[in-house]
Trainee: 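One structure coming up, written as structure tokens, with questions to follow.
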Amino acid sequence: QQQVKQSPQSLIVQKGGISIINCAYENTAFDYFPWYQQFPGKGPALLIAIRPDVSEKKEGRFTISFNKSAKQFSLHIMDSQPGDSATYFCAASISGGSNYKLTFGKGTLLTVNP
Amino acid sequence: NAGVTQTPKFRILKIGQSMTLQCAQDMNHNYMYWYRQDPGMGLKLIYYSVGAGITDKGEVPNGYNVSRSTTEDFPLRLELAAPSQTSVYFCASTDRGRLVGSPLHFGNGTRLTVT
């Protein structure tokens with residue numbers, strides 16, 4: 001049972017364009033939604049995160065949009081650069097309780113062409 | 001500050017062999033995790049630990065074992081390697097002292113091939 005569904009699997013964008021990656025979740029108990037960025041040969045690293053009490057969070061060129069009623073959230077990368085080429089993972093977790101763990105989407109391979 | 005350190009970086013095993021993937025963190029984090037990453041399949045949780053002496057199964061624990069005798073170390077043991085265990089393994093940790101959400105800090109992975 002896949003609790004976090006991510007699309008598309010791969011994405012090609014021209015430099016300066018907007019990259020959009022979407023995720024949908026099933027468990028309404030999720031209350032923390034991070035995005036991770038992974039470069040080849042490296043581990044994933046936290047990029048940006050959001051809680052469901054806000055609909056949008058922006059950090060530089062990266063924005064998370066959150067739709068609680070639709071149980072969906074998305075990552076927008078404005079003015080995409082070749083250096084943004086990486087694999088992006090959405091994730092979700094439940095903050096309360098002792099068994100804290102992240103559930104990840106399957107990932108999106110982003111290629112930004114110069 | 002080294003963060004999360006995984007060794008070895010690469011390993012080739014023959015079917016039936018055993019090995020231990022090492023993971024150490026120097027951030028005094030309570031929680032530690034082992035994930036495996038397969039192409040197009042994302043990150044699957046194998047085992048996790050909420051503190052020294054406490055471990056629990058994740059989504060795909062079969063064929064693996066873990067122990068957590070110290071806060072710093074969380075080794076992953078493969079007893080009888082199988083080709084299905086060919087994957088990239090990531091160790092991660094987090095500090096659950098924060099109230100809301102806790103980012104995971106990942107190591108750079110161990111690439112394991114079983115032939």
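Here is the naming used below: chain letters follow the sequence lines, and residue numbers restart at 1 for every chain. Here the structure is a predicted model, which means the values were calculated and not measured.
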Trainee: So which part of A:Pro44 gets closer than 4.5 Å to some heavy atom of chain B, the side chain, the backbone, both or neither?
Mentor: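 Both backbone and side chain.
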Trainee: Please check if the side chain of B:Asn108 supplies one atom and the backbone of A:Lys42 the other of a donor-acceptor pair under 3.5 Å.
Mentor: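 Pair absent, no side-chain N/O of B:Asn108 close to backbone of A:Lys42.
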Trainee: Does atom CD of A:Glu59 have more than 12 heavy-atom neighbours, drawn from other residues, nucleotides or ligands, at distances under 6.0 Å?
Mentor: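 Yes, CD of A:Glu59 has more than 12 neighbouring heavy atoms, counting only those of other groups under 6.0 Å.
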Trainee: For a side chain to side chain contact (heavy atoms under 4.5 Å, CB included) check, start with the C-alpha distance between A:Gln38 and B:Phe90, then their side-chain angles and the critical distance, and finish with the verdict.
Mentor: CA-CA 12 Å; A:Gln38 182 183 32; B:Phe90 287 99; 3.3 Å; yes
Trainee: May I ask whether A:Val4 and A:Phe33 are part of the same hydrophobic cluster, defined by side-chain heavy atoms of I, L, V, M, F, W, Y residues being less than 4.5 angstrom apart, directly or through others?
Mentor: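 Yes, it is one cluster - the side chains of A:Val4 and A:Phe33 are joined through contacts under 4.5 Å.
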Trainee: Distance check, rounded to the nearest 0.5 Å: A:Lys101 atom NZ versus B:Asp56 atom CG?
Mentor: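 Those atoms lie 7.0 Å apart.
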Trainee: Do B:Met19 and B:Tyr35 sit in one hydrophobic cluster, given that two such residues count as connected whenever their side-chain heavy atoms are within less than 4.5 Å of each other, even indirectly?
Mentor: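 No: no chain of side-chain contacts under 4.5 Å links B:Met19 to B:Tyr35.
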Trainee: Non-hydrogen atoms of chain B under 4.5 Å away: do they reach the side chain of A:Tyr36, the backbone, both or neither?
Mentor: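 Only the side chain of A:Tyr36 comes within 4.5 Å of chain B.
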Trainee: Consider only side-chain heavy atoms of I, L, V, M, F, W and Y, link residues closer than 4.5 Å, and tell whether B:Ile15 and B:Leu78 are in one cluster.
Mentor: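 Yes, same cluster.
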Trainee: Test of understanding: clusters of I, L, V, M, F, W, Y form through side-chain heavy atoms closer than 4.5 Å, transitively. Do B:Leu104 and B:Val60 belong to the same one?
Mentor: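 Hydrophobic grouping puts B:Leu104 apart from B:Val60.
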Trainee: Do A:Tyr100 and B:Tyr48 come within less than 4.5 Å of each other through their side chains, counting heavy atoms only?
Mentor: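 No, too far: nothing below the 4.5 Å cut-off.
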Trainee: Which value, rounded to the nearest 0.5 Å, describes the distance between B:Glu59 atom CD and A:Thr103 atom OG1?
Mentor: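 Between B:Glu59 CD and A:Thr103 OG1, I get 7.5 Å after rounding to 0.5 Å.
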Trainee: Report which part of B:Gln6 has an atom under 4.5 Å of a heavy atom belonging to chain A: side chain, backbone, both, or neither.
Mentor: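 Interface part for B:Gln6: neither.
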Trainee: Just give me the residue among A:Thr87, A:Thr108, A:Leu102 that pairs up with chain B most often, heavy atom to heavy atom, under 4.5 Å.
Mentor: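 Maximum pair count with chain B is reached by A:Leu102.
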Trainee: Below 4.5 Å from any heavy atom of chain A, which atoms of B:Leu45 appear? Answer side chain, backbone, both or neither.
Mentor: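 Side chain only.
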Trainee: Would A:Phe104 and B:Gln37 count as a side chain to side chain contact (heavy atoms under 4.5 Å, CB included) if you check the C-alpha gap in whole Å, the side-chain angles of each, and the deciding distance to 0.1 Å?
Mentor: CA-CA 11 Å; A:Phe104 286 87; B:Gln37 183 178 17; over 6 Å; no
Trainee: Same hydrophobic cluster for A:Val54 and A:Ile94, using side-chain heavy-atom links shorter than 4.5 Å among ILVMFWY?
Mentor: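 Hydrophobic grouping puts A:Val54 with A:Ile94.
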